[in-house]
Amino acid sequence: MRQRDLPRTYRVKSFGCQMNVYDGERMAELLSEQGITPAPEGEEADLVVLNTCHIREKAAEKVYSDIGRLVKAGEEAGRKPMIAVAGCVAQAEGEEIMARAPAVGMVVGPQAYHRLPEMIVKAASGTRATDTDMPADAKFAALPKRRKSGPSAFLTIQEGCDKFCTYCVVPYTRGAEISRPFSDLLREAERLVEAGAREITLLGQNVNAWTGEDDKGRALGFDGLIRALADMSGLARIRYTTSHPNDVTDGLIAAHGEVDKLMPYLHLPVQSGSDPVLKAMNRSHTVESYLRLLERFRAARPDIALSGDFIVGFPGESEADFAATLALVDAVGYAQAYSFKYSPRPGTPAAIMDDQIAAEVMDERLQRLQAAINRDQYAFNKASLGTTCEVLVERRGKLPGQWLGKTPWLQSAWFEGDVQIGDLVQVELVEAGPNSLAGMLRETVAA
Ligand code: 5AD
Ligand code: SF4
């Protein structure tokens, strides 16, 4: 690589989960602190960070096509952007990326991105750099203070996974489970609220596995953290994702009934409605134990909106196994859910299991599952009609005077009126679509 000027502008492109969105925001803050500014809309940036996702095949392929596109656009403009590959593909395939894509100057894993500034200097001096170390604590301590926030902010409280589901790459890309210290989280939450956040979504691969200690050294569980954040006066709403059935505690279920600021929404992935498939996935819960948990959440908070994740076509999944997944969906009535075709991930136990399922079978099952999920989502939205609820105003709508926000149940709601971004307003839901609702403004609660 030749020597070059330090970049003056950057663009961070994040793919995949909300954790990556959070990391992307933190990388942007880190670069801004170095005096590198966001590239104006429509202009090529001097430095492009591709913050990648490795959870399914297409995501990794997309990285290579994005690199190709950046190189081509650079050639046409007579310049070479500095390209950094960050995120989970960087962690899993760093060496391969360096070998396959000479235009990439830096490869930086999800636990090492605080070192980007040094790596940029190195890359500018002509040395390609890879950093896929995993000192997660060091990363958070090295990141700048939060200065900017929209009304709804993400806050990573936990990272990594020790569960080793047989299909999943996360334990390898994000490492072992770690919890960020309580005091650091309170401080970051306070800064986010000062910067304009009214709602904070706590993030973690197993967010409810979070543990910590309060300032007196007493052990705290995830529900303790929620209760402490609920005491913060400027913060109006708390959400969290993604939780794991095996880390659900009595305290968390109780918090849903007791903490007003904790929104009535639960994303609890189950992956399959068949016990043999769950066993092969190493989920260590059963369909029955999952359903019992949901019942308890519903008992604590009867209006709770339920969401989940599903994988179709896991190796060995029979038509009867899949029918059991459909039956589970019917039984639960999800307000919203995500479903994916199984994708063999290199290095995971399931990738070398017998009975891999044919692509056409997976396609067909995914269609049936998504039809069932969409039906239930629409039904959930229709059941909300006539309700007057609090909506957090997040952005302007497409038409003048129109606003878009989220209901407590995480539905998107459109309405017209004299409000501002960040307001919490009372909206009557008057029209339901499959993916959003239209509402009428009733009263502004707080600015
Ligand atoms: N193939 C398909 N989907 C997967 N997920 C995780 N690993 C895979 C895989 N190998 C899905 C799971 C998980 C969500 C984040 O992605 O449903 O909950
Ligand atoms: Fe994708 Fe998982 Fe990495 Fe998130 S943690 S970016 S879902 S591989």
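Both ligands and their constituent atoms are indexed starting at 1 by order of listing. What you see below is based on every heavy atom in this structure, not just the backbone, and it leaves out hydrogens, waters and symmetry mates.
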- Note on the structure: The option among Glu57, Arg56, His244, Gln205 carrying the non-hydrogen atom nearest to atom 11 (C) of ligand 1 is Arg56

- Val207 and Thr242, any side-chain heavy atoms less than 4.5 Å apart: no

- Between Gln271 and ligand 1, which part of the residue brings a heavy atom under 4.0 Å of the ligand: side chain, backbone, both or neither? side chain

- Message: Counting only nitrogen or oxygen atoms and a 3.5 angstrom limit, does Arg345 reach ligand 1?
- Response: no

- Message: Strictly distance-based, threshold 3.5 Å: is any side-chain N or O of Lys139 a donor or acceptor partner for the main-chain N or O of Pro110?
- Response: yes

- Message: To the closest 0.5 Å, what do you measure between CG (Leu266) and CG (Leu294)?
- Response: 7.0 Å

- Query: Can you find a side-chain donor-acceptor pair between Glu159 and Gln111 that sits under 3.5 Å?
  - Reply: yes

- List every atom of ligand 1 that sits less than 4.0 Å from any heavy atom of Phe340, numbering the atoms from 1 in the order shown and giving each element. 3 (N), 11 (C), 14 (C), 16 (O), 17 (O)

- Which residue from Tyr167, Tyr342, Tyr338 reaches closest to atom 7 (N) of ligand 1 through any of its heavy atoms? Tyr167

- Task: Please indicate whether Asp231 has more than 12 foreign heavy atoms, meaning atoms of other residues, nucleotides or ligands, lying under 6.0 Å from its CG.
- Result: yes

